[in-house]
Amino acid sequence: MPGVIDTGVTEPAELPEHEPHPVRLVLDDDLKRNRWTVLFRLILAIPHLIWYVLWSILVLIVAVLNWIATLVAGTPPRAFHNLLCAYTRYSAHLSAYLGLVVDPYPGFVGDAEEYELDIQLPADPQPQPRLTTFFRLVLALPAILLAAALGGSFSVGSVFLNRGHGRTSRGSDGSGGGGLLTFVCAILGWFAALATGRMPRGLRDAGAYGIGYGAQMRAYLFLITDRYPNSDPTALLDSLQRPPQHPVHLVGDPHDLRRSRLTVFFRLPLFIPHYIWLELWTVAALILGVINWFATLIAGRPPRAFHRFFAAYVRYQLHVYAFMTLAANPFPGFTGAAGTYPLDLVVPAEPQPQHRLKTFFRLVLAIPAFLVDIVLVYCALVAAVFTWFVALLRAEAPWGLRNLTAYALRYQAQTNAYLYLLTDRYPHASPLEGEEPPAPDPEPFEPAPTAA
């Protein structure tokens with residue numbers, strides 16, 4: 001294949017829309033967690049939750065005034081800009097604390113560069129086009145929906161949306177700043193941090209990704225910037241080092257965004273034959289999966305024939321869902337053969353040794369991965385709907401949405417590979433694609449001894 005699909009490969013710098021986003025997330029965290037503060041995290045956060053509600057009421061009023069002033073002057077007033085920036089940072093700080101993305105107790109004023117997770121925002125008010133300012137709430141709706149799935153269910157935005165019903169909506173973590181992905185990662189991370197005193201790297205990264213996107217959505221809605229939120233995981237997490245590469249990972253051409261408008265329009269009808277075949281294949285996989293489980297318990301590794309079957313099945317599932325979600329364009333084949341699709345999956349070529357105890361409890365151990373996978377599938381479906389409209393208009397997939405979908409597909413493939421014993425490596429929830437291991441140093445050349 002041409003190269004590794006990086007769920008956020010550096011975007012082409014020559015395109016103006018691919019310039020770095022003015023709203024950046026910076027994270028400096030060592031993953032260590034204090035078990036006592038983790039155990040009582042919600043109780044400790046009560047003063048912040050009360051303060052957040054009071055501040056949100058003020059911000060709702062200021063946001064409306066800021067919108068009117070920007071329509072008149074073309075630029076937000078500095079006082080409003082500073083207040084909304086502080087609120088955006090504070091929301092991210094609180095979400096990071098509640099989501100166990102960081103450990104220290106946050107401050108109450110949203111100071112810049114004073115917390116382990118920080119949101120860098122434009123220091124000065126930015127000029128705003130009046131037309132897009134007038135329709136800002138409507139234009140932000142896709143980002144609000146995606147943020148609710150990832151990690152930014154926006155309380156003040158919900159006030160706008162529900163003001164006619166006399167109620168407000170809160171985020172799923174109770175702070176108004178967390179979405180499904182951040183919430184699920186926080187729940188799973190809570191148990192892990194209590195047991196080990198550390199937050200798992202993948203869950204921490206996924207939670208930070210959701211919070212970063214939520215901050216960009218707020219900044220766009222609050223007129224802090226006119227740049228639309230960027231859902232590209234690596235662009236949002238560019239301050240973090242990549243994890244080691246998982247043995248199950250994506251390969252392909254990361255810059256192939258071209259989409260056929262005709263096949264995009266009829267994508268669901270075209271998907272039907274694959275859906276039927278995939279359902280039939282899944283029935284066979286479930287039956288053989290039980291047999292494979294018993295065989296692996298006895299022999300310590302899966303039989304080679306079963307390994308090949310499940311490798312093709314997991315790869316085929318990736319091809320089909322990549323086609324359905326518009327992460328790739330061509331109509332896929334029906335065999336799951338390696339190297340036959342632009343978005344492909346690398347799995348171990350040979351059956352891997354499996355720890356018998358972990359194999360015995362494999363289904364139970366996979367439950368946390370299933371929970372994360374369910375949320376990411378939902379995120380991918382939301383991204384696919386938005387991609388469908390954009391691809392019809394532009395004949396290409398949006399960079400950020402495609403990379404978000406690739407992240408979800410990769411995690412689903414890793415979960416299936418773990419469940420079907422293709423690997424005993426647990427799925428890695430980090431949105432960052434794993435870094436390839438360095439090539440081994442060549443052995444020094446030693447000339448053969450010559451005869452005297």
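This chain uses plain numbering: 1 for the first residue, then up along the sequence. Keep in mind the model is a prediction, meaning the values are calculated, not measured.
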Query - Set of side-chain contact (heavy atoms from CB on, under 4.5 Å) partners for P22, sequence neighbours left out - result: P122, T225, R227
Query raised in the report: Would one find more than 12 heavy atoms of other residues, nucleotides or ligands at under 6.0 Å from atom OH of Y378?
Result: no
Query - Exceeds 12 heavy-atom contacts within 6.0 angstrom, atom CZ of F134 - result: no
Query raised in the report: With side chains defined as the heavy atoms from C-beta onward, is the minimum distance between V248 and P348 less than 4.5 Å?
Result: yes
**Report entry** Validation row: Y213, N230 side chains within 4.5 angstrom (heavy atoms)
**Finding:** no
Query raised in the report: Is there any salt bridge (charged side-chain N to carboxylate O under 4.0 Å, His left out) pair reaching into residues 80-103, and which pairs are they, with sequence neighbours excluded?
Result: R41-D103
Query raised in the report: Hey, what's the ring geometry for W36 with F40, parallel, tilted or perpendicular (30° and 60° as the breaks)?
Result: parallel
Query raised in the report: Do P398 and T387 have side-chain heavy atoms sitting under 4.5 Å apart?
Result: yes
Query raised in the report: Step by step, would you call Y418 with L365 a side-chain contact (heavy atoms from CB on, under 4.5 Å)?
Result: CA-CA 10 Å; Y418 180 73; L365 293 172; 3.6 Å; yes
Requested in this report: Evaluate side-chain contact (heavy atoms from CB on, under 4.5 Å) for F222 paired with L83, printing each intermediate quantity in order.
Outcome: CA-CA 10 Å; F222 283 152; L83 175 65; over 6 Å; no
Query raised in the report: Among all residues two or more places apart in sequence or in another chain, which pass the ring-ring contact (aromatic ring centres under 6.0 Å, His included) test with H274?
Result: Y316, F331, F334
Query raised in the report: What pairs meet the salt bridge (charged side-chain N to carboxylate O under 4.0 Å, His left out) rule with one or both residues in residues 261-271, with sequence neighbours excluded?
Result: none
Report task. Taking atom CD of Q241 as the centre, report whether more than 12 heavy atoms of other residues, nucleotides or ligands fall under 6.0 Å from it. Result -> no
Report summary line: Y220 meets the side-chain hydrogen bond (donor to acceptor under 3.5 Å, both in side chains) criterion, sequence neighbours left out, with none
Requested in this report: Check side-chain hydrogen bond (donor to acceptor under 3.5 Å, both in side chains) between D373 and all other residues, then give those that pass, not counting sequence neighbours.
Outcome: none
Query raised in the report: By side-chain hydrogen bond (donor to acceptor under 3.5 Å, both in side chains), which residues pair with R259, not counting sequence neighbours?
Result: none
Query - Side-chain donor or acceptor of H249 paired with backbone N/O of Q414 under 3.5 Å - result: no
Query raised in the report: Considering residues at least two apart in sequence or located in another chain, which fulfil the ring-ring contact (aromatic ring centres under 6.0 Å, His included) criterion with Y97?
Result: Y105
Query - Non-neighbouring partners of R198 that pass side-chain contact (heavy atoms from CB on, under 4.5 Å), sequence neighbours left out - result: L31, K32, T196
**Report entry** Those residues that, when tested against W388, pass ring-ring contact (aromatic ring centres under 6.0 Å, His included) (two or more places apart)
**Finding:** none
Query raised in the report: Given side chains that start at C-beta, do those of V62 and L84 come closer than 4.5 Å, heavy atoms only?
Result: yes
Query - Note, H428 side chain near R201 side chain (heavy atom, < 4.5 Å) - result: yes
Query raised in the report: Do L65 and F80 have side chains that get closer than 4.5 Å, going by heavy atoms?
Result: yes
**Report entry** Side chain D344, main chain V251, donor-acceptor under 3.5 Å
**Finding:** no
Query raised in the report: With sequence neighbours left out, what residues match D424 under salt bridge (Lys or Arg N to Asp or Glu O under 4.0 Å)?
Result: none
Query raised in the report: In terms of side-chain heavy atoms, does S430 have a donor or acceptor partner in Y209 at a distance below 3.5 Å?
Result: no
Report summary line: Applying side-chain hydrogen bond (donor to acceptor under 3.5 Å, both in side chains) to D118 and not counting sequence neighbours gives none
**Report entry** T405/Y321 under side chain to side chain donor-acceptor pair (under 3.5 Å): CA gap, chis, key distance, verdict
**Finding:** CA-CA 10 Å; T405 305; Y321 287 149; over 6 Å; no
Report summary line: Between D226 and R136 the two heavy atoms that sit nearest each other are CB-NH2, 4.0 Å
Query - Pairwise side-chain contact, L131 with F135, heavy-atom cut-off 4.5 Å (strictly under) - result: yes
Query - Heavy-atom side-chain proximity of L343 to L409 below 4.5 angstrom - result: yes
